[in-house]
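Structure first, commentary second.
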Amino acid sequence: MIAAMSCIFCAIAAGEVPATVVHQSERVVAFRDLNPVAPVHVLVIPREHYRNVVELSADVATAAELLEVVAEVANTENVADGFRTVFNTGGDAGQEVDHVHAHVIGGRQMQWPPG
Ligand code: DGP
């Protein structure tokens with residue numbers, strides 16, 4: 001798949017591009033965001049290349065594991081009492097990397113609505 005071959009998050013999942021990995025399992029990888037917007041900012045991705053959460057939703061097993069890892073990361077990063085999970089989807093939402101990723105953001109007071 002051409003998109004996956006040039007995908008930075010596929011490369012991180014394969015260990016070909018360095019990242020600060022906080023979780024790895026058969027289907028899911030979590031690593032610290034390069035440009036954190038809060039004290040805790042972790043990206044949780046499936047190893048398989050899905051462009052966005054709409055595509056991921058068809059793979060129920062991987063989607064479920066990804067959410068389990070979101071919860072695990074929130075616990076291990078000590079933000080389980082207050083964190084935000086974001087799937088930016090498409091250009092209007094500011095999605096920059098076309099490999100689905102859950103942002104797990106916490107460790108500071110946040111505002112609502114987001115920008
Ligand atoms: P989004 O706008 O939802 O597509 O967010 C993409 C995020 O990915 C953004 O917060 C920065 C992060 N990011 C982009 N490239 C890299 C990278 O090479 N390594 C890491 N760790 N994070 C990256």
Side-chain angles (χ1 to χ4, degrees):
M1 187 189 307
I2 289 171
M5 281 173 62
S6 58
C7 171
I8 184 73
F9 285 1
C10 283
I12 288 174
E16 295 162 4
V17 166
T20 306
V21 173
V22 299
H23 170 97
Q24 304 200 56
S25 52
E26 195 181 324
R27 279 192 280 235
V28 177
V29 178
F31 53 94
R32 298 198 189 282
D33 195 291
L34 200 57
N35 303 308
V37 298
V40 173
H41 191 167
V42 172
L43 303 174
V44 184
I45 67 167
R47 288 187 187 275
E48 191 158 338
H49 185 90
Y50 297 112
R51 280 184 301 168
N52 55 44
V53 73
V54 177
E55 287 192 359
L56 173 64
S57 70
D59 180 348
V60 174
T62 302
E65 187 176 330
L66 187 143
L67 287 182
E68 287 171 3
V69 174
V70 166
E72 182 185 312
V73 166
N75 273 316
T76 56
E77 297 288 325
N78 295 310
V79 294
D81 286 344
F83 68 99
R84 191 166 285 172
T85 306
V86 175
F87 290 94
N88 291 324
T89 305
D92 282 359
Q95 183 177 3
E96 292 176 349
V97 178
D98 286 331
H99 181 132
V100 62
H101 48 282
H103 294 257
V104 178
I105 300 166
R108 66 166 169 80
Q109 186 65 48
M110 278 172 261
Q111 309 300 316
W112 191 262

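Counting starts at 1 for both ligands and their atoms, in listed order.
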Geometric class of the His103/His41 ring pair [parallel <30°, tilted 30-60°, perpendicular >60°]: tilted
Positive for side chain to side chain contact (heavy atoms under 4.5 Å, CB included) with Phe83, one of Val73, Val70, Ile105, Val40: Val70
Whether Phe87 lies under 4.0 Å from ligand 1, heavy atom: no
Ligand 1 contacted by Ile12 (non-hydrogen, < 4.0 Å): yes
Starting from [atom], locate the nearest protein heavy atom and write down its residue, its atom name and how far away it is, to 0.1 Å.
atom: atom 4 (O) of ligand 1; answer: Glu96 N, 2.6 Å
atom: atom 15 (N) of ligand 1; answer: Phe9 CE1, 4.1 Å
atom: atom 18 (O) of ligand 1; answer: Ile8 CG1, 3.5 Å
atom: atom 11 (C) of ligand 1; answer: Asp33 OD1, 3.2 Å
atom: atom 21 (N) of ligand 1; answer: Arg32 O, 2.9 Å
atom: atom 6 (C) of ligand 1; answer: His101 NE2, 3.5 Å
atom: atom 14 (C) of ligand 1; answer: Val97 CG2, 4.1 Å

Just jot down the ligand 1 atoms closer than 4.0 angstrom to any heavy atom of [X], in number order.
X: Asn88; result: 1 (P), 2 (O), 3 (O)
X: Leu43; result: 8 (O), 12 (C)
X: Phe31; result: 20 (C), 21 (N)

Measuring only between side-chain heavy atoms, which start at C-beta, is [X] closer than 4.5 Å to [Y]?
X: Leu66; Y: Leu56; answer: yes
X: Pro46; Y: His99; answer: yes
X: Val29; Y: Phe9; answer: no

Residues Glu65, Arg47; criterion salt bridge (Lys or Arg N to Asp or Glu O under 4.0 Å); working and verdict: CA-CA 11 Å; Glu65 187 176 330; Arg47 288 187 187 275; over 6 Å; no
Close N or O approach (Gly94, ligand 1; < 3.5 Å): yes
Sub-3.5 Å N/O-N/O distance, Gln95 and ligand 1: no
Nearest atoms (heavy-atom pairs only) where Met110 meets Arg84: CB-NH2, 3.7 Å
Donor-acceptor pair between Glu48 and Thr62 side chains, under 3.5 angstrom: no
Cluster overlap Phe31 with Val79, hydrophobic side-chain contacts below 4.5 Å: no
ILVMFWY cluster, Val44 and Ile8 together (side-chain gap under 4.5 Å): no
Selection from Leu34, Val17, Val37 by shortest heavy-atom distance to atom 23 (C) of ligand 1: Leu34
